[in-house]
Structure formats: C-alpha cells, structure tokens
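First comes the structure, then the notes that go with it.
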Amino acid sequence: MNFAQIILPLNLKGTFTYKVPDELLGNFQIGMRVLVSFRGKKIYTGIVAEIHQNDPETFVPKEIISILDDSPILPKEQIDFWHWISEYYMCNLGEIYRLAFPSSLKLESETYLKLKPNVKVDFENLDVNEMYLIQALEVRQLINVTEIEAFIPKKDIVKTVKSLIDLQYIEIDEKIAEKYKAKEIAYLRVNEEELAGNSLPQILLSLKRSPKQQEMFLAILEKQTENPEKPIRKSEILDEGNFSHSQLKSLVDRNLVQEYFLQKDRLEAYQGEIEEIEKLTHEQLQAKKEIDEAFDEGRNVLLHGVTSSGKTHIYLEKIEEAVESGKNVLFLLPEISLTKQIVQRLEKKYGKELGFYHQKLTDFERVEVWRRIKNNDIKILIGTRIALFLPYQNLGLIVVDEEHDSAYKPREVSPFFNAKDATQMLSKFYAANLILGSATPSVESYYLAKKDKLKYVFLGERFGKVKLPEFELINFKEEQDSKKIIGNFSLKLIDEIKKELERKKQTMILHNRRGYANVIECETCGYVNYCSNCDVVMTYHKYSNEMKCHYCGQKASKPKVCPKCHSENLNERGVGVEQIHEEISRLFPDSEVDRMDVDSMRKKFAYEKLYEKIEEGETDIIVGTQMISKGLDFDNIELVAIPRADSMLYVQDFRAEERAYQLITQVSGRAGRISGEGKVLIQTYNPQHSVFQLIKENNSDKIYKHFLEERKKFLYPPFVKLIMIELKHRKEDKVNRSAQFLGSVLRKYLPEECILGPEKSPIGKLNLMYQYQILLKLPRGKKYSEMKNLVLQSLEEFDEITAYQSIKKMIFVDF
DNA sequence: AGCACGCCGACT
DNA sequence: GTCGGCGTGCTC
C-alpha cells in the first residue's frame with residue numbers, strides 16, 4: 001500500500017496523507033500535482049511532497065483522484081526550499097504553495113471535467129448522479145466542479161466524479177496549460193505568388209479605384225522589401241498608415257496580401273543590435289577577480305559598491321559568463337520598476353531568453369513564464385521575491401540587487417520571509433553562486449561579510465573616477481535663532497537651490513513623509529483626528545483635500561470646525577512632502593517644481609510621465625519621498641537637499657538609523673553622477689548626531705562599525721535572533737488575555753531575558769483589529785534551534801486553548 | 001483557511 | 001415562529 005504526503009493550498013499545518021491508488025503508481029513522483037478531495041466536497045490541486053508506505057493509524061486516508069502532470073512540475077530543489085522556508089520562518093507549506101503557484105496551476109473546485117473520447121456508456125449500471133453528470137457532459141464538453149453542484153448534492157460530487165473516472169467514462173481536463181495558449185499575433189505579408197505572376201504595375205492598376213488599398217499594399221511591400229526577415233505586424237501597418245480593417249480585408253480577399261499568425265510570447269523580444277559592454281575599469285576588474293575567486297571556493301559574495309560604481313557592469317559580466325557556461329540566472333530586484341539599466345543590456349543580447357516574473361503579471365503571463373522556465377527556454381529571469389519559486393532547472397547564479405531593501409521582507413503578506421536571506425538557501429539547494437549587491441548593505445550582511453561568512457567585495461570609486469558627492473550639514477536651530485529661515489528652509493539652502501537653477505541644473509528634495517500635515521489638531525481642546533479603524537492619527541492631504549489613514553487607507557473629509565468643541569482654531573502640525581512642495585513652489589515661482597510620492601503617482605503612467613519630464617530637463621526641482629531614491633538616474637542632478645532630516649531618525653525602530661543612512665546615501669547617489677559636482681545638504685536640528693556626522697565623513701567602515709556597536713550594546717541583530725509574535729483580535733480584552741497567556745507559556749520554557757512583552761503593538765489597533773506583540777531575542781548559533789523548538793512548543797500549547805483559536809497569530813522571524 | 005454546525009437576538 | 005450573527009470544530 002502506497003501513501004503520499006500532499007501539500008494543499010490551505011493555511012494548515014503540515015501535509016496530508018492520501019492513499020495512492022495502484023493504477024496511478026506507474027508514474028507517480030514527488031513534485032507532481034494531484035487532484036484530491038478535502039472535507040468531503042472540495043477538490044484541490046495538491047503537490048506530492050513525499051511517497052511512503054506507512055498506513056496512518058488514526059484515520060483512514062482518502063485516495064488521490066488523479067495525477068495532473070506527466071513529470072514533476074516542481075523540482076526537488078524547490079521542495080527542499082519550501083520545507084526550509086516553512087521551518088525557518090514558522091509558516092505553513094500551504095501558504096508557500098499559494099504564493100508560489102499561479103492560480104491556474106492550482107485549480108481547485110474550478111477544475112474541469114470532460115467525457116473521454118469514444119466511450120460507450122453503460123447507463124444501466126449508473127446511479128442517478130452519475131447519469132446526470134454524463135448527460136451534462138454530453139451537452140457541454142467541459143464542466144467544472146462548482147457547476148456540478150447545481151445538479152448533484154455537494155457531498156456526492158467527489159464520489160460521483162471518482163466513480164466515473166474509475167469507470168473510464170470521464171477524465172480531468174488535463175489541458176490546463178492549453179487553456180493558456182500563448183498569445184497569437186497577426187502579421188501580414190504580400191502574397192509572393194501573386195507578385196510573381198503579375199507585374200507590380202499590373203497589381204497597382206487593379207487597385208487604382210481603391211487608393212487606400214493601393215497605398216496599404218505599397219506600405220506592406222516596402223516594409224517587406226526593406227527587411228524580408230522581419231515579420232510585419234498587422235497592428236503596425238494599420239496604425240502607421242491609418243488604414244481600416246475593411247481596407248485590409250479587401251486586400252486579403254483579393255489574395256494580394258496574406259494574414260498569418262505567429263505564437264508570440266507576451267513578453268516582447270528586443271530586436272536590435274547589441275552593444276559591447278564598456279570595458280571594466282581597473283577597480284571593477286579587481287572586484288570581478290575577487291568574485292571569481294570566491295565562487296571558486298564556493299562562497300557567496302557581498303558586493304558593496306558605492307552609488308554609480310558600476311555594480312551593474314559586474315553583474316552583467318557574471319551573468320553572461322554563467323549563461324555561456326550553460327547555466328541559468330536569477331536576478332532579483334526589490335521592485336520590478338527598477339529594471340531599466342540591467343534590462344536594456346540583457347534584452348538586446350538575450351531577447352527571448354530573458355524572462356520577467358513579478359507581482360504585477362496577470363495569471364496568464366505567470367503561467368507562461370512557468371512553462372518557459374520548465375522548458376528551459378529562459379536563461380535569465382529578472383524578478384521580484386516571488387520569482388524565487390519558479391521551477392528552475394539549472395540555476396547557476398543568483399544576483400540580489402539592492403539587497404538592503406525592505407521590499408524583500410514585506411510585513412503585509414504571509415508567508416513572512418526575507419527573500420534576500422532565503423536566496424542564500426536557494427543558492428545552496430541549487431549549488432548556485434550568489435551575489436548580494438548594494439551601495440548600502442544591510443548591517444546584517446555587512447556583519448556576515450566581516451565575519452567571512454560572505455566574501456566582501458568593495459567598490460569605493462564611482463565609475464570613471466567621478467567624485468562622490470559632498471555632504472554639508474546645516475544647523476537648522478542656529479539658522480532659526482538668527483531668523484535666517486523661510487518656513488522649512490534656511491536661507492543658505494534656498495541660496496544653494498537658486499545657484500543650481502541659474503546653472504540650469506536639477507535639484508532633488510527628499511522629505512520622507514506623505515501628505516501635507518501629519519495631524520490636524522484643535523487648539524482649543526486638543527482634539528486630533530483618529531482613524532476609526534486604527535489607532536493612528538489621520539494625515540491631512542491638501543492636494544486631495546482629505547484626511548487619510550496611511551495604514552488602512554480610510555479617507556475622511558477635512559474637518560472645518562473641531563468635531564468635539566466646535567472651535568474653528570484648527571492647527572496643522574507636522575510637515576509632509578506636500579507642504580515642502582508647496583513651499584518650494586512659492587519660493588521659486590518661475591521654476592518647474594514636481595512632486596513624486598505614492599499619492600501623486602497613483603494615476604496611470606504618472607510615474608513614466610514625470611520620469612520623461614525630468615529626463616527632458618523640463619523639471620527643475622523634484623520634491624519627493626523615498627521614492628526618489630530609487631531608479632532615477634539622471635545626469636543633470638547636482639544638488640540633493642534634505643530639509644528635515646531629523647524626521648527619519650526619530651522613528652521607534654532599531655533600524656531607524658540604518659534606514660536613514662541608507663536613504664540619505666541612496667538619494668545622494670543621484671547627485672553629480674557624471675560631473676562629480678554633486679552636493680548634499682542636510683538640514684538638521686542636531687548636526688552633532690553621530691549618524692549625520694558619519695554620513696558626512698562618508699567612511700562606510702566607520703558607519704557600520706557604529707551600527708554594529710549599537711546593535712551589540714542593545715542586543716539586536718546580528719547579535720541576537722529576533723522573533724516577533726503578533727496577536728490580533730477584534731476584542732481588545734481577548735487579545736490582551738491571550739497575549740498574557742502566551743507570554744506566561746513562553747516564560748515557562750525560555751529564560752526571562754529572552755522575552756519582551758507582551759505589550760500593545762506600536763499601532764495598537766489596525767483595521768479594527770487590536771494587536772499585541774511579544775518580542776523574542778534569542779541567542780545565535782546552536783542554541784537558537786533548540787530555543788526555537790521551545791517557541792514552537794509554546795505556540796502549540798497556546799493553540800490547545802480553544803477560546804484562543806479565533807486569535808490571529810503572526811510570526812515574524814528575523815523581521 | 002474555509003466551511004458546516006450550533007446556539008442566541010431582531011424581524012419578514 | 002425564522003434569519004443570521006459569529007464561536008467552535010475539523011479537515012488526510
């Protein structure tokens with residue numbers, strides 16, 4: 001008797017045991033998809049995680065209904081990887097499965113059934129339900145499981161389907177993939193035979209009464225003669241010459257032009273020439289050599305390269321080497337919009353062998369990439385964190401660009417894992433090389449590199465020996481005291497911007513806070529506008545004239561009078577980017593000032609439009625949030641100003657300083673990329689603050705040393721391992737009680753100094769859910785896994801309390 | 001997760 | 001009298 005452990009797309013612990021029917025055993029392998037029923041009526045696509053002979057004692061396993069693949073859809077490496085993520089990040093395999101697979105590859109009750117071809121049904125021996133289903137299938141070729149519910153009682157569905165499959169009357173529609181045919185694109189060509197049979201003047205004569213058709217025919221002919229190899233897109237002809245479909249139809253009817261279709265991947269392949277990569281500089285060559293050596297020793301690399309030092313060049317070299325040696329490459333980015341430079345080059349050289357995979361693709365597009373990866377048609381995959389789960393065949397190199405970016409570990413979507421860290425395991429399973437790259441590596445990666453767990457490769461020069469920007473601190477307190485300010489700007493800063501404008505250079509102003517004012521407060525009674533769903537104040541957005549909650553997205557109108565005491569003395573407090581933008585526009589009325597933040601970029605193509613505008617030099621000053629620190633590489637920006645730099649530091653998060661450093665450094669990298677005349681002005685009330693001083697000094701070793709000392713002193717990563725447990729419920733007393741209970745269970749097993757809390761989360765209520773948290777600081781190394789097991793045990797004890805089952809539990813490991 | 005079952009309040 | 005609220009239990 002054979003059994004299998006099946007991963008189901010449900011947020012449930014572990015795998016489920018099913019019996020493998022003997023007739024399926026012939027081709028039954030780990031990594032294949034199977035169809036199983038669960039809870040009687042629902043059908044799910046599961047993944048075979050294990051095959052064994054242990055008949056379970058406590059329950060009678062159900063049988064697998066059918067196999068959906070001829071060969072494993074998931075390679076062994078991925079299954080190992082899933083197990084690792086599940087264990088390390090304490091999440092369920094089902095959650096990973098849900099995230100990893102495009103929904104069409106894990107159809108549930110949507111799965112379609114059809115009659116087997118040329119089958120003679122013996123109606124005599126069928127029961128009523130079976131007869132209904134057969135009859136329904138005779139009328140309609142395909143029926144999905146949900147539709148069957150209309151005429152067969154839910155509880156009998158699986159039984160009916162199964163017995164008909166056993167009788168060989170019906171089958172699962174296995175052409176799931178075929179439902180997602182590659183998009184076909186229409187092309188046109190001149191009918192060569194006609195052209196050979198008749199002379200061109202003859203043909204044109206025959207068209208003399210339809211001038212538009214004649215024009216169109218010539219347009220097609222011209223393109224075809226120009227480059228006989230290049231197919232001519234139908235849409236291209238219609239759009240360029242402004243021809244109509246009916247005109248084309250006449251030409252096709254006359255047999256002068258032929259319409260044909262080519263299966264074309266949705267992701268367009270670039271057709272053009274390839275430029276050679278510029279030669280690596282001496283410093284880059286040295287870096288590359290060090291990377292090569294590290295790879296020879298089987299070590300992973302942290303490539304720490306200052307902004308515009310040409311990390312991309314080095315990536316490209318390594319990527320091309322890997323591809324040439326027959327391996328495939330995964331290039332990971334925090335967000336897909338940041339692909340510009342790397343893509344341009346790769347697209348030219350690899351065209352169709354380049355793939356993209358990210359959250360913004362449609363399901364159709366995702367399935368297509370899956371298929372291409374499976375067929376080994378993609379050599380280089382550029383993607384975001386979900387691209388970790390593609391069924392790579394022959395992965396030889398993984399590059400994680402901007403490895404410090406927090407987009408690699410979003411806290412909003414489960415399963416919670418850090419893609420940057422997970423990559424290290426993925427590379428291990430595939431025996432692939434790994435490069436983590438950044439201008440501002442995370443403190444953790446830097447530490448690993450210094451500890452020699454990663455090979456540290458440093459690029460300290462900008463490409464072409466361009467000078468790094470200079471930093472200057474402006475003591476805003478002093479300027480304020482001597483009345484040398486206007487609003488949020490010191491005269492000094494205003495003056496510097498003026499100079500840039502005169503030189504026709506562009507300026508960037510960073511203010512990392514959305515909206516216009518942080519709070520609207522009643523001066524009379526002190527009332528502030530709280531979000532009704534969350535325990536946070538609502539931010540005033542002047543542009544849209546509304547109050548917004550940045551956590552749940554709720555909007556409200558701006559109060560005209562205090563809702564509590566009806567006073568009209570409402571005060572705006574806390575400066576947002578809109579206000580900075582407004583002030584700058586007022587200070588420089590003749591200049592073009594644009595704002596870039598999530599709120600102003602919401603409209604379709606808003607980002608692209610502004611990007612073009614800046615590139616064309618039509619924008620003089622760009623005011624924005626952290627958005628401006630990424631992906632905007634323009635040659636003409638020389639000044640970067642940060643008027644209220646302190647706001648970045650006073651966030652209660654042990655990474656606040658690291659983030660501030662990263663953000664300031666990243667945005668400063670936009671300045672003087674070509675000219676080397678870049679300047680960064682930081683306005684602060686606290687110029688003596690160590691972070692500002694260290695940034696000014698621009699000595700990365702010293703900065704990281706400082707961060708590491710702080711982390712060591714206050715016991716934070718990388719010196720301890722953090723696990724944050726967050727409990728949520730609609731009723732505050734209930735979460736509070738449950739959190740106290742979990743705290744006491746944890747204290748039973750773990751030493752007191754490891755446990756902080758439980759306490760109310762910094763945001764005590766979010767989306768109507770009250771949240772409490774417990775922070776665990778666990779020792780590194782061997783002890784860690786022991787202690788983690790104790791945490792697991794505590795959580796199990798917690799789960800045994802039925803009253804707490806409705807408490808939502810979120811676990812963030814290494815968050 | 002998601003779905004059924006089951007036990008208490010406001011209503012055609 | 002019912003509809004429907006969400007607490008509880010269970011899934012191979």
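The figures here come from the full heavy-atom set of this structure, side chains too, leaving out hydrogens, waters and symmetry mates. Residue numbers start from 1 in every chain, and the chains themselves are labelled A, B, ... in the order their sequence lines are given, proteins ahead of strands.
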(request) Taking the side chain as every heavy atom from C-beta outward, state whether A:C754 and A:M787 have any pair of such atoms under 4.5 Å apart. (result)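 Sidechains of A:M787 and A:C754: in contact.
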
Using a cut-off of 4.0 Å on non-hydrogen atoms, how would the nucleic acid contact of [X] be classed: base, sugar-phosphate, or nothing?
X	result
A:T802	sugar-phosphate
A:K731	sugar-phosphate
A:Y18	sugar-phosphate

(request) Starting from C1' on B:dA1, measure out to CG on A:D799 and report it in whole angstrom. (result)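 The answer, rounded to whole Å, is 14 Å.
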
(request) Let me know the distance between CD1 of A:I6 and P of B:dA1, rounded to the nearest Å. (result)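 My rounded result for the distance is 22 Å.
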
(request) Could you check whether the rings of A:F389 and A:F81 sit parallel, tilted or perpendicular, using 30° and 60° as the cut-offs? (result)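 Tilted, since the angle between the ring planes falls between 30° and 60°.
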
(request) Give the ring-plane orientation class for A:W82 versus A:F101, where under 30° counts as parallel, over 60° as perpendicular and anything between as tilted. (result)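 A:W82 and A:F101: perpendicular rings.
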
Tell me, please, which residues at least two apart from [X] pass side-chain contact (heavy atoms from CB on, under 4.5 Å).
X	answer
A:V119	A:K116, A:V121, A:Y169
A:E77	A:P75, A:F429, A:Y430
A:H83	A:A49, A:I79, A:L93

Please produce a list of atom pairs where a protein N or O lies less than 3.5 Å from an N or O of nucleotides 8-10 of chain B.
none

(message) Using ring centroids (six-membered ring only for Trp), state whether A:F16 and A:F38 fall under 6.0 Å.
(response)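 Yes, the ring centres sit under 6.0 Å apart.
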
(message) For a 4.0 angstrom threshold against heavy atoms of chain A, report the outermost contacting nucleotides of DNA chain C in 5' to 3' order.
(response)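 Footprint of chain A along DNA chain C, 5' to 3': C:dG7 to C:dC12.
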
(message) Test of understanding: with side-chain hydrogen bond (donor to acceptor under 3.5 Å, both in side chains), list the residues that count as partners of A:Q554, not counting sequence neighbours.
(response)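 Result, side-chain hydrogen bond (donor to acceptor under 3.5 Å, both in side chains) vs A:Q554: A:S532.
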
